[in-house]
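To keep things clear, I will list the structure first and then write my remarks on it.
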Amino acid sequence: MRSMLLVRALFGVGFIAFGVVVFLRLVVFAPQAGLRIVPGIVLALAMVALGIHRIVLVLRLRSA
Amino acid sequence: MDARVTPQARTPELRRAVTPWGSFSWGYSDVGADIFIGLGLVLAAAAGASNVAFLFAGIVYVCIGLAYTELAAAYPFAGGGPYFVLRGLGDVFGFIAGWAVLLDFTIDITLFAWSCVDYSGQLLPVLVGSVHPWVHFTVVLGLIVALCVLNVVGVRESTAFNGIVSALDVASETCILCFGFLFAFQPELLIHNMTASWPSPYHLMLGTSLAIISFVGLESISQAAQETYRPASVIPRTSVALILTILIFALAYSNLALGMQPWHPIVGNHGQHLQFWQIFPSSADNQGKAVALLAAQVPYWGAIAALYVPVLGAILLLISSNSWVFGSSRIAYSMSRADLLPSVFQRVHPRFRTPAVSIFAFCGLAALTLAFAALPALFPGAMAFYARVFHGESGLDFLADLYAFGAATSYSFVFIALIALRLTDPHSPRKFKIPLNIPVRFRGEKATIPLLGIVGFVGIFSILIFTLMTHPIGRIAGPSWLLLGVILYFVYRRHRGLPYLRSQKHDWRRHQMEILRTSGDLELLDEYTANLKAAENRTGDGSHA
C-alpha cells in the first residue's frame, strides 16, 4: 500500500515536471507565435493539474 | 431506466464491487480508445489546426465530463445519459437522447472493429483495407459476429482485464509522449506548420466535429456508477483523473504530430520529404492507425513501440467494440423497461439470461452500416455514386460522420437535463457539483444554474451544427435516424395506449431513495430525506414524504 502510494506520488511529480518542461519550451516562442501556442499551454497546464490531483489524493489517503 | 423500482421489488441488483481503479479503467477502456481513431481523421481534416480542433472539443469534453460526474454521483443508476434526460426532461426527450445514444453505440461497434483491423494491418499487411478490401471487410464482419455471439452467451471482459490493458496503455502512451516531447518535438516546427497549413474555416469545423469523437464514451462513468461502492465519493475522484488524462493525451498527440521531426525521413510519392501529419490527408489506411504510425516515429522508444502499439491499440479497440455491443443492448433493454421501446427488447435468452434480441438487433444494424461503409471499396462501380452524393467520403468517414452526430445530439440533451435537474430536483444531494454556479429561485425553492453547463451546451451545440454543415452523410442519415425513431416511438405509444408527448407517472423520490440505499452512501440518503422533510415543512405539502 505504502509503495503504491509512493509510485502514485512519483507519477504526480513526473506529470508536474513534464508539464513545466512543455510550458517553458513553448512560452519562449510566445512573442512570435502569439495565440498559436495556446493548445500547447493548455496541455502543459492540464499536466500540472493532473499531477497536483494525484498528489492531493495521495496525501489525503496517507492522512486517512 | 425503470423508475418503478420499489424496495419490495425482488429484481436482482448489480453487485457493487467496482473499485476506484476499476471505475477509472472502465471509463478509460471506452474513452481512451477514441484517440486511436480520432487522431488520424482530425489530422486529415484540420491539418495545421488539428491541435486547435482538439482544444475546442477538449474544452467541451471537460464540461461534458464534469456534467456526467455530477449526474452519475447524484444518480448512481446504470442508465447513462438517457436516464438523466428521462428524469430531467421526460419521456419524449429521454427517448430521443436514448435513440441518439443507440445510433452512436451501433456505429461504434462497427467503427472500433474496423479500426481494430486497421491497427492489426500495421503488422499483418493482408489486413490493409485499400489493398485487400474483401479480407478487411470479412475480418471486420467476423469480429462483429463473434462479439455478438460472445455477448449472447454472456461472456464479457472482466474489470481486471480492463484494468491491466488500461494500465499498459496509460504507461505506453506516457512513454511515447515523453520520448516524443523530449527528443522529437520542435516548437518552431509546430508554429511553422500551424502558420503554413492553417485550414479553411470549413475544414476547421470539419476537424472540430471529428475531434469530439476522441472524447466519446463518458456513458461508462454512469454505467459503472451502479456497480461502484459509495459512488458519490469514488466517481468524482476517478472522473477528474480520467477527464484530465484523456484531455492530455488528445492535446499531446495533436501537438506532437504537428511539431515532431520524424525519426525516419518520410518520403512522398514524388520523392519529396513530408512532415509527419502530411501522410494522413490522402490515405484512409493511415487515418485508421494514426497512433501506431506516430509511435513508430518517436526516437528510441519508437523501435519497440512500432511492434507493440498496433497490438495494444487493436486490443483496446476490440474491448471498446465489445463494450458498445454490451452497452447498446443494455440501453435498449432499460429503455424498453421504461416503456420507451417495445417489450421485445426486454426478451432474455432462456438459457444464457442475456438480452439476446437487443444484441442481435444492434449487431445486425452494425453489420448493415459496415456493408454501407465498405461498399465503395468492395465494388468500385459504387464509388461514382458515393462521389456524387456523399462527396466521395470513405468508409471510415461515413462511420465518423454518424458517430459525431449521435455524440453531439445526446450530449446536448444531457446538458439541458443537468440544468433542468438542478431546478426541478434541488433536494437530491450532490456531493460533487460543477464549479461556477448562479443561484436562482425556482418554484419557491433555492436552486443553482451551472455556468459551465451553459458553456458546454453552447459548445456541443455548435459542434452539432458543424457536423450538420460539414458531414454529407451525417446530415442526411443522422436526422433520418432520429425521425425514424420518433415515428416508431409514437406508433408504439399509440399501440400501448400511453401518452404521446406527456410522460408517464414516475415515482422519482422513491426511486432516488432506493438507489441511495443500495449505493452504500447512507449519509446521502439521510440528507435527501431531511431535505424532503424541510421542503415539506416549508410548503406544508405532505406529498414529499
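Please read all numbers here as calculations on a predicted model, not as lab measurements. FYI, side chains are in, hydrogens and waters are out, and symmetry mates aren't considered; it's all heavy atoms of this structure. Letters go in sequence order (proteins before strands), and every chain restarts at 1.
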Mind running side-chain contact (heavy atoms from CB on, under 4.5 Å) on B:Ile235 and B:Tyr68 for me, showing each step along the way? CA-CA 10 Å; B:Ile235 288 175; B:Tyr68 266 89; over 6 Å; no
Turns out that what part of B:Leu190 lies under 4.5 Å from chain A's heavy atoms comes down to side chain
Is it the backbone or the side chain of B:Leu55 that comes under 4.5 Å from a heavy atom of chain A, or both, or neither? side chain
Non-neighbouring partners of B:Thr238 that pass side chain to side chain donor-acceptor pair (under 3.5 Å), sequence neighbours left out: B:Ser23
With B:Glu173, which residues qualify under salt bridge (charged side-chain N to carboxylate O under 4.0 Å, His left out), at least two apart? none
B:Asp30 CG to B:Ile246 CD1 distance, which is reported to the nearest 0.5 Å: 10.0 Å
Check whether B:Ile191 gets within reach of chain A through its side chain, its backbone, both or neither, counting any heavy atom under 4.5 Å. both
Close side-chain approach of B:Ile59 to A:Val42, heavy-atom, < 4.5 Å: no
Which answer fits B:Phe185, side chain, backbone, both or neither, if we ask what part of it has an atom under 4.5 Å from a heavy atom of chain A? both
Which answer fits B:Asn255, side chain, backbone, both or neither, if we ask what part of it has an atom under 4.5 Å from a heavy atom of chain A? side chain
Kindly give the heavy-atom pair with the smallest separation between A:Phe18 and B:Cys178, and that separation in Å. CZ-CA, 3.6 Å
Quick one: what part of A:Leu35 sits under 4.5 Å from any heavy atom of chain B, side chain, backbone, both or neither? neither
Determine the option with the most heavy-atom pairs under 4.5 angstrom with chain A, choosing from B:Thr195, B:Val52, B:Leu182. B:Thr195
So for A:Leu50, is it side chain, backbone, both, or neither that comes closer than 4.5 Å to the heavy atoms of chain B? both
